[in-house]
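Shown next, in structure tokens, is the structure this report addresses.
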Amino acid sequence: NLEASADYIEELKGQLDEMRKFRKEIQQDRYATPQQKLEALDEIRRMSNEIVYGVRKLRTEALTRQ
């Protein structure tokens, strides 16, 4: 269902926006060590990549159904 996919993609976009905000907060954190920042940013990068993969997969599925 294309409408359900659009809603899901919108939800994923919101998650990515939140991760971008969190990334900025981590980068500006004065109390975290460089190692803590690196680990947190790596985890955010990993989660972001999973979300982007999901969006690409949905896009591919939608295009092949047309």
Side-chain angles (χ1 to χ4, degrees):
N1 182 325
L2 196 55
E3 187 175 320
S5 292
D7 290 342
Y8 182 63
I9 289 172
E10 190 62 33
E11 179 183 329
L12 294 177
K13 180 187 175 302
Q15 291 176 2
L16 284 172
D17 290 344
E18 288 298 315
M19 283 192 226
R20 286 184 194 107
K21 270 187 1 189
F22 189 49
R23 182 182 304 134
K24 285 182 183 181
E25 290 174 11
I26 291 169
Q27 290 169 336
Q28 295 171 354
D29 188 338
R30 294 181 173 186
Y31 302 104
T33 66
Q35 184 63 33
Q36 290 170 324
K37 288 182 179 184
L38 179 64
E39 290 172 7
L41 292 171
D42 282 347
E43 183 65 16
I44 290 172
R45 192 173 302 113
R46 184 190 64 74
M47 291 186 309
S48 295
N49 286 340
E50 288 177 10
I51 291 171
V52 169
Y53 172 77
V55 170
R56 287 183 181 149
K57 185 176 176 183
L58 283 174
R59 181 178 176 269
T60 300
E61 289 172 4
L63 290 174
T64 57
R65 288 184 195 156
Q66 292 181 354

**Fill in**
Across all chains, not counting sequence neighbours, the side chain to side chain donor-acceptor pair (under 3.5 Å) partners of Q15 are none
Expected list for residues 20-29: side-chain donor-acceptor pairs under 3.5 angstrom, two or more places apart:
{"residue": "R20", "atom": "NH1", "partner": "D17", "partner atom": "OD1", "Å": "2.8"}
{"residue": "D29", "atom": "OD1", "partner": "Y31", "partner atom": "N", "Å": "2.7"}
{"residue": "D29", "atom": "OD1", "partner": "A32", "partner atom": "N", "Å": "3.2"}

**Message:** When you group the ILVMFWY residues by side-chain heavy-atom contacts below 4.5 Å and let the links chain together, are L38 and I44 in the same group?
**Reply:** no
**Side-chain heavy atoms of L12 within contact of Y8, under 4.5 Å** = yes
**Request:** Could you tell me which residues satisfy side chain to side chain donor-acceptor pair (under 3.5 Å) with R46, sequence neighbours excluded, listed by chain and number?
**Result:** E43, E50
**Prompt:** For T60, which residues count as a side chain to side chain donor-acceptor pair (under 3.5 Å) partner, sequence neighbours excluded?
**Reply:** none
**Asked** What pair of heavy atoms forms the shortest contact from I51 to M19, and how long is it?
**Response** CD1-CE, 3.0 Å
